[in-house]
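In the text below, chain A, chain B and the rest are named by the order of the sequence lines, each starting its count at 1.
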Amino acid sequence: MTTTAPSGRRLNTSKAMAEAIAQEMRANPEVFYMGEDVGSYGGIFGSTGGLLEEFGPERIIDTPISETAFIGLGIGAATEGMRPIVELMFVDFMGVCLDQIYNHMAKIHFESGGNVKVPMVLTTAVGGGYSDGAQHSQCLWGTFAHLPGMKIVVPSNPADAKGLMTAAIRDDNPVVYMFHKGVMGLPWMAKNARSIGVVPEGEHVVPIGKAAIVKQGSDVTVVTLSLSVHHALDVAEQLEGEGISVEVLDLRSLVPLDREAILESVGRTGRLVVVDEDYQSFGLSGEVIATVAERGLALKAAPSRVAMPDAPIPYAQVLEYAVLPRHERIEAAIREVMG
Amino acid sequence: MTTTAPSGRRLNTSKAMAEAIAQEMRANPEVFYMGEDVGSYGGIFGSTGGLLEEFGPERIIDTPISETAFIGLGIGAATEGMRPIVELMFVDFMGVCLDQIYNHMAKIHFESGGNVKVPMVLTTAVGGGYSDGAQHSQCLWGTFAHLPGMKIVVPSNPADAKGLMTAAIRDDNPVVYMFHKGVMGLPWMAKNARSIGVVPEGEHVVPIGKAAIVKQGSDVTVVTLSLSVHHALDVAEQLEGEGISVEVLDLRSLVPLDREAILESVGRTGRLVVVDEDYQSFGLSGEVIATVAERGLALKAAPSRVAMPDAPIPYAQVLEYAVLPRHERIEAAIREVMG
Amino acid sequence: MTTVTDAPVPEPTETGVGHQLADEVRLDLYRTMVLARTYELAILREYHADKGPGFDIGKGLIPGEMHLAAGQEPVAAGVCAHLVPGDAVTATHRPHHFAIAHGVDLDKMTAEIFGRETGLGRGRGGHMHLFDPDAHFSCSGIIAEGYPPALGQAFAFKRRGSGNIAVAVTGEGAANQGAFHESLNLAAVWKLPVLFVVEDNEWGISVPRTASTAVPSNADRAAGYGIPGHRVEDNDVDAVYEKAGEFIERARRGEGPALLEVATLRLFGHFEGDAQGYRPELVDVPKLDAIPRYESRLIEAGVLDDALRQEIAEAASERVEAAITFAKDSPLPSADEATKYVFTEEA
Amino acid sequence: MTTVTDAPVPEPTETGVGHQLADEVRLDLYRTMVLARTYELAILREYHADKGPGFDIGKGLIPGEMHLAAGQEPVAAGVCAHLVPGDAVTATHRPHHFAIAHGVDLDKMTAEIFGRETGLGRGRGGHMHLFDPDAHFSCSGIIAEGYPPALGQAFAFKRRGSGNIAVAVTGEGAANQGAFHESLNLAAVWKLPVLFVVEDNEWGISVPRTASTAVPSNADRAAGYGIPGHRVEDNDVDAVYEKAGEFIERARRGEGPALLEVATLRLFGHFEGDAQGYRPELVDVPKLDAIPRYESRLIEAGVLDDALRQEIAEAASERVEAAITFAKDSPLPSADEATKYVFTEEA
Ligand SMILES: Cc1ncc(C[n+]2csc(CCOP(=O)(O)OP(=O)(O)O)c2C)c(N)n1
Ligand SMILES: Cc1ncc(C[n+]2csc(CCOP(=O)(O)OP(=O)(O)O)c2C)c(N)n1
Ligand SMILES: [Mg+2]
Ligand SMILES: [Mg+2]
């Protein structure tokens, strides 16, 4: 999918995301980016850094704090053939504008019998780990994925951030693009090592709906996504030394969910741990386990999940770190399924 | 839990629900009911029939079409010690007011370290089957159950409707009470036989979080809720004649989810079919299957689910009936797990 | 976002002479209203034809909720008379009169209401979800949530300099929903070419306007967005026509949005099956019907006579019955394809 | 819902003489502002004390976003001076000045900001989620969504005839959110005893008021709800005090809500770490600070002298440092209890 061979050039995830947007905006005048503080601020999490300078305020557009109005505006513009990218600053704010998202953006194509397309990208920041409390730390991808009619992509690294953004902008369907603050490589937040990485310079497309095996292994499959991929990789690398061979599957997209990749990997390893920073129940972790169970795959151990407990996310660091699906809990779950 | 022995008196579900509300309102002046068309109209689905006459417009209160404002009003009143029951006419409208529900109603108790209680009931109509289209036919209980901090009850019959309403009003936590239009026994909608049934006259409490085995069986467990309970019972009765013994478990509540009841029943039968009128993926059906899988229960066949496909709900009857989890699909799933 | 479009402004449509509209304009308004009414009476007939015994909302060739706009035709006729190809309308759960006045394909719309494969949405949408991309028409069953997408259409028109505008419609009940406020503000700040229309039929289902709305006129709210607002009283189609024309021309000139409220009338229940026990003086409602009143005025003014009236009625009836026949003769969608169109077909 | 409460109206607090407020009132306003400012400067110090090397938002004894209200003290001081026990305040993501002016327990609030078990929310909430049921104080990190719960508190007060009122606060950016509109309308229709306050600091993060809001004053929006509206210019605490007093008394009398906008100043960035590259004339901002200006006025008026100024400053500092010490000395919550308090303990 990569037309330029990966060079050594390294970018952080937010710059990789902005680069994809810039390239698509150069190529297609119908693309524009709209949201709160996406202009001179460059996006609270850097999603639009530098874009205002190149494209000006007609295409990189700051909005009032009126999510229902401006997301709806994006929908209407998309139905007229434009290709809006609209930023919901934190996914936690979905509650003030979910109707436009799930009853309109996601349903118009179906309700119109395919006659009206809504080629729109909704970008939004997710995730916790920096004590932002119960209203600014959620992932909620399970919520979005449960509601039909929108694709959901969740990059974990700079190259995928670029490639999935390119694919999302080109997709004729609404795509929700959820970027974890902890993978953006922001200067003002603890960075994980892989939030800066090699990113292809030219056109780079990562197809939506294909998971990636980011580490091969033979004993247990960790199905995960977003920031948790890195925690899983850290643990996998550490356990490798002990002779536990962990495969890490980065879902990259929830809708479509690459069920075949899950089944293929778990079919090989016979063990499954799902690591999910979203709330545990009625969400992604259950869906992944059910996917394996309903195919009747014979497992060597009961599958296990490491997720946010079904509780609001606490502020105090000691409490938040107790609920986040981080290294210790992942390691413990892997050891448990290994028996 | 029933203080009056069940008499022969039969009510439809909407009257049973209104009876519980009336009894609690008589007992506690802090209880009031608020929503769109709950006064002289009596609730679009009959949830408040007759209540205006007894309690007057100060306690049965029609609101403007401002869900964020009046649900938020309920929350504020609850924090001051009142016990509001607030109706969101259709659950499909959650998108205009979800922030108050999931970021406030559900989180205040936690964020306040238990210092502020929100004893509020949010009632809402769910479900399809009468060609009301993609924006008026959803169940969405999976969406609510995924978001922590609120209890979720889903009665399937008149007696439970009364008993769960009583429990919900008395609960010091926010409770979302989701009533399927198809179980209300409305005169203007096709009724299932069990939407009218015996309802205890006096105080009647059904504890929140306890599933009910509504039909015992030994070959396969159907885990279900709400209107689908009746479809499952119909199928179970029919298959009984063929010697397939189906147990039907009515969850009655999603939060807390009675996982022990699921495990106990599936542990006995060794087979599981989940029937869920909500969207299939990332929701209840996956959670139930995952609950069984992660306990490592040995099953005689892979578990199976009969749910709404991941698509907006179509209007035309021929299409809607093709996606609803009704008799034929339930029967086919049971036969499949029976092998 | 604050630059004024330098789009070519479409020629203004013919407006009235002094305070008397031209005869042809008035006849056109009348024709539109009659067509819309004829349509809804036919839908009423078809809707109830097979709901029995009793009334089962899920039964019949047209199942589901049915919100008729009978009585509200002056709003749609007066506004849409000014629209030109490329202009957009986003309507509500009560959309037929606007769809008809805006020229939505009547056959396809009727087929949609009958849930047929030939329908606007191939039977997936239903009467609250009519999408006609040719007419740039859409509607939504969620109160006030049709406003924001209209902004986006207007945004696209402005960007492209097409000179087109978008009309966004709600009821007076919907004007207390957050989306109403956000949309007016955003359209005003960005000077988008939108006409916001509020149909005040005095009721939001069973809740009277006085119990839902803090001010007597939503036009009073326009000042909160620095845009012009106006309220037309008495369901007067001529007055709607005049004011809508002024506001629409203004929007086409790049001067931004405006708000038009019309005091109108819900002739029937909120939806079919609504017994309207909450509504006082129900028997007097039919007397307030704007169509016979307009008819009399046109006859008095010598614009209409009995023969022409008859001709218009027959033409409307023929057109409507043809649409209903088209719908009934159309195939049902295939159950196998119930989940088709969630996403676009891959290339 | 339209009956006027026959609650006993609390005694009006002392108001000014003519256009000059009583000295004691002015001194109290000054004291409140100084306490709030002293508090925020101490929080600023503590917040940045351990974020390095560089600036890592998740590090230190006070991790997470930190929105300081320094510069906006006149609003909180002027409004809350009229509040009596039982009155409620719902504040925003920038809540400290209102919390302090309303008498929220400073030790517990500080402990919450430090994430301690002794905090208002036992460390679960954080600085955007301060709940003090004794003071009927709460806040929310979601823009404008603090308005609706205030309605419910006012509703309960009205029902109980307590004569209490609720104050609901937002920024000017938030006034373009749907919840703002819905809340004003509902409070107006039901004549709830609420004072809506808009703090116009000219910025919603990096978006200037002119780019977000279609009208120069949110007070102009009050007419859309049939309620009184007023805008105080120049961050003038005396003027805030006078107008808030009038509106609050009106609400206590059962005459319904009102809207008060105050032109105020955000002295610092939106949150700590915000370099404010978008903000022109950043160097001039400190000169606009209302506290030294008020100080000069009080000194000129002979109400304040250097000794008293010193005394007030020291008292504030002592109080604030005691709270910070309390917080730092308090135990952290136990990791085992991270999910406690999702639901109430069963009886
Ligand atoms: C957000 C939302 N809330 C409630 C409803 C239910 N509902 C449908 S129509 C209606 C009344 C609308 O009143 P109005 O806006 O005056 O329009 P009218 O029906 O009078 O044309 C209501 C409450 C809805 N569809 N969407
Ligand atoms: C619904 C919602 N949208 C966006 C945000 C992100 N956000 C937090 S504060 C803020 C700016 C608020 O501006 P204003 O209301 O003027 O208050 P100020 O920060 O100036 O005090 C924004 C956009 C949010 N918290 N909630
Ligand atoms: Mg109406
Ligand atoms: Mg501001």
Would you say the side chain of [Y] lies within less than 4.5 Å of the side chain of [X], judging by non-hydrogen atoms?
X	Y	answer
Tyr341(D)	Glu111(B)	no
Phe155(D)	Phe32(B)	yes
Thr63(B)	Trp190(D)	yes
Tyr147(D)	Leu73(B)	no
Lys117(B)	Thr344(D)	yes

Checklist entry - Would Ser140(D) and His104(B) count as having a side-chain donor-acceptor pair, cut-off 3.5 Å? => result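 Side chains of Ser140(D) and His104(B): pair found under 3.5 Å.
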
Next on the checklist: What verdict does the side chain to side chain contact (heavy atoms under 4.5 Å, CB included) test give for Val255(B) and Phe343(D), after you've listed the backbone C-alpha separation in whole Å, the side-chain angles of each residue and the deciding distance to 0.1 Å?
Outcome noted: CA-CA 11 Å; Val255(B) 178; Phe343(D) 294 117; 4.0 Å; yes

Next on the checklist: Need one label for Thr339(D): side chain, backbone, both or neither, based on atoms under 4.5 Å from any heavy atom in chain B.
Outcome noted: backbone

Next on the checklist: Using heavy-atom distances under 4.5 Å, tell me whether Ala179(D) contacts chain B through its side chain, its backbone, both, or neither.
Outcome noted: both

What part of [X] gets closer than 4.5 Å to chain D, counting heavy atoms only: side chain, backbone, both or neither?
X	value
Asn115(B)	both
Thr79(B)	side chain
Met120(B)	neither
Glu67(B)	backbone
Met150(B)	backbone

Next on the checklist: For Gly76(B), is there any backbone N or O sitting under 3.5 Å from a side-chain donor or acceptor partner on Gln153(D)?
Outcome noted: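 Such a contact is absent between Gln153(D) side chain and Gly76(B) backbone.
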
Checklist entry - Do side-chain atoms of Gln100(B) reach the backbone of Glu145(D) as a donor and acceptor pair under 3.5 angstrom? => result yes

Item to check | Close approach to chain B in residues 121-138 of chain D, criterion heavy atom under 4.5 Å | outcome: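 Expected list: Gly121(D), Arg122(D), Arg124(D), Gly125(D), His129(D), Phe131(D), Pro133(D), His136(D).
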
Checklist entry - Roughly how far, to the nearest 0.5 Å, is CD of Glu182(D) from CD1 of Ile65(B)? => result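 If we round to the nearest 0.5 Å, Ile65(B):CD1 and Glu182(D):CD are 10.0 Å apart.
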
Checklist entry - Based on non-hydrogen pairs under 4.5 Å, which of Leu184(D), Ile142(D), Asn185(D) is most in contact with chain B? => result Ile142(D)

Item to check | Pair Arg159(D)-Glu30(B), side chain to side chain contact (heavy atoms under 4.5 Å, CB included): steps then yes or no | outcome: CA-CA 9 Å; Arg159(D) 281 303 164 92; Glu30(B) 299 293 352; over 6 Å; no

Checklist entry - Do you know which two heavy atoms are closest between Ala156(D) and Glu80(B), and how far apart they sit? => result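 Smallest heavy-atom distance, with atoms named: CB-CB, 3.8 Å.
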
Checklist entry - Between Ser183(D) and Ala69(B), which heavy-atom pair has the shortest distance, and what is it? => result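 Ser183(D) and Ala69(B) have their closest heavy atoms at N-CB, 4.0 Å.
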
Item to check | Pair Lys158(D)-Glu58(B), salt bridge (charged side-chain N to carboxylate O under 4.0 Å, His left out): steps then yes or no | outcome: CA-CA 11 Å; Lys158(D) 182 171 172 161; Glu58(B) 298 281 313; over 6 Å; no

Next on the checklist: Shorter than 4.5 Å, heavy atoms on both sides: which option in Val118(B), Val116(B), Asp99(B) has the most such pairs with chain D?
Outcome noted: Asp99(B)

